**Student:** 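Quick one: the structure is below, and I'll ask about it shortly.
Treat the numbers as computed from the prediction; the structure is a model and nothing was measured. In each ligand, atom 1 is the first atom listed, and ligand 1 is the first ligand listed.
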Amino acid sequence: MPFSLSRRHFIAGSVSAFSVGFTCPAWSNMQPTRLPIPELVDGTNGDPVDLQIRTGKRAFLPGLETSTLGISQDYLGPTLRTRRNSELNLSYTNSLSEGVAIHGHGLHVPGIVDGGPQLEIAPGDQWQPRLSILQPAATCWYHSHTHGKSGEQVYRGLAGMIIIDDEESDAIDLPSRYGVDDLPVIIQDRTFDAQGQFVYSLNEAGEDGWFGETVLINGAIAPLVAAVPAGKVRLRVLNGANARFYVLAFADNRTFFKIGSDGGLLAEPVPMTTMEMSPGERCEVVVDLSDGASAELLVFFEDEIDAEEEGLISGLQNIFSETNAPSTNWSLKLNVDQALVAHKAPLPDVLASIVRPEEAEIANVRDFVLDMEDGGDHGAHAGHAAMDMTINGAAMDMSVINERVKRGVWERWRVRSNQGAHPFHVHGCSFLIEQMEGSVTPPDQQGWKDTVVLDDDDWSEFVVRFDHSATEQHPYMYHCHILEHEDRGMMGQFTVT
Ligand SMILES: [Cu+2]
């Protein structure tokens with residue numbers, strides 16, 4: 001059951017709420033374009049990787065150039081590949097006219113190289129973090145974490161994927177040829193104006209954050225197609241949205257296998273037909289195309305599937321026949337190319353060994369309550385000034401350390417909200433979820449994670465241990481990964497010593 005049937009969403013005051021029904025945009029009748037595959041930059045040998053934070057232009061829509069931000073490219077950045085027990089040396093140059101902080105999301109690295117808002121790169125400056133990669137194989141990402149501007153900068157393009165390999169993942173037989181049978185799938189939603197420019201306003205974002213109307217995958221408007229071999233294909237799916245929760249399913253309702261979550265491989269493959277993903281979350285899945293037929297991955301907006309329809313989603317045909325059915329325009333079609341060498345080996349029964357701490361090892365418990373306070377009468381616009389977003393009653397203050405954590409010690413963190421669903425993200429670690437929204441953790445959420453969804457009914461709980469240090473000058477962050485919530489203050493700072 002990947003769904004929370006009790007999840008509540010806010011409609012009132014959400015000026016970005018998608019409410020135009022499902023008329024297909026004009027460009028949807030065109031031939032689907034090919035899924036772009038971001039350039040792969042291998043940083044495994046420790047050579048410095050130059051990353052230019054810059055402006056760009058991309059024609060997402062035919063004949064219209066959109067002004068963008070990118071990292072060494074017009075929109076998004078290259079996929080960075082690294083390896084456990086190696087050093088990843090990055091060299092960022094900020095050529096923008098505003099400051100930028102770039103966070104390595106999911107990386108277990110000290111606060112001083114974590115890229116939080118305290119590490120803003122001034123215009124024209126460089127930042128050269130040396131990252132000792134000590135964690136297991138995983139799909140991570142890097143993105144803007146600039147104080148008060150993460151949402152806008154990510155929306156315009158400042159994000160990219162990081163792939164970590166290790167000896168254990170090499171030893172098991174999984175599809176791993178980047179761009180062939182191991183595809184990055186970065187899903188985002190964006191709104192374009194009549195001139196093809198991105199539409200974004202933190203001040204006008206509703207309570208749920210900023211929702212785009214058009215799905216991009218790897219920086220191109222869906223629907224998209226990819227040519228893949230007639231075998232097992234691995235998708236490294238990243239929900240790179242500012243605020244949307246997505247639901248993924250194949251058009252033929254086929255079973256696929258989730259093999260990895262935020263922090264690495266699951267203990268064993270988990271069969272699924274639908275998969276919900278919150279902003280910031282990564283899911284690695286394997287789909288079998290051995291029969292040579294194509295498969296179409298559909299992207300639904302979770303907020304457009306109401307509770308009654310959620311009950312129907314296991315029979316997707318029912319959803320398609322609903323008059324107010326979610327859009328099926330947003331898809332990635334996997335077309336088989338028989339000329340490509342196929343990965344035919346069966347999925348391993350065991351992927352990774354995940355060891356949970358004993359109860360006696362839990363040395364401390366911390367509670368976090370996320371809150372959104374409506375500032376009063378603000379008409380149709382639940383704008384920035386009207387919203388008070390806090391964790392444990394405090395909005396993010398760059399000069400305040402909210403929590404002090406001991407290094408190398410297991411803790412239990414309990415997280416709840418007073419209003420709405422939020423993806424809670426913690427820097428510098430992976431954690432193990434013990435319960436989600438008061439319920440038993442679903443099998444696909446039982447691996448290493450750095451985001452957990454919480455709701456306003458019950459606690460989500462996880463156990464976590466920090467193995468690196470974060471000082472008062474360079475603390476870690478915990479925050480809601482709805483970027484408009486983060487930018488409005490739903491974030492705190494903590495040290496690890
Ligand atoms: Cu939130």
**Student:** When the aromatic ring centroids of H485 and H479 are compared, is their separation below 6.0 Å?
**Tutor:** no
**Student:** Would D367 and R414 pass as an ion pair if we require N to O under 4.0 Å?
**Tutor:** yes
**Student:** Taking only Lys NZ, Arg NE, NH1 and NH2, and the carboxylate oxygens of Asp or Glu, determine whether E434 and R412 approach each other closer than 4.0 Å.
**Tutor:** yes
**Student:** Which N, O or S atom name in H485 marks its closest approach to the Cu ion (ligand 1)?
**Tutor:** ND1
**Student:** Where the Cu ion (ligand 1) is the centre, what is the SG-to-ND1 angle for C480 and H422, rounded to 10°?
**Tutor:** 130°
**Student:** Ring centres under 6.0 Å, that's the criterion: do Y75 and F60 meet it?
**Tutor:** yes
**Student:** So does H481 have any N/O/S atom less than 2.8 Å away from the Cu ion (ligand 1)?
**Tutor:** no
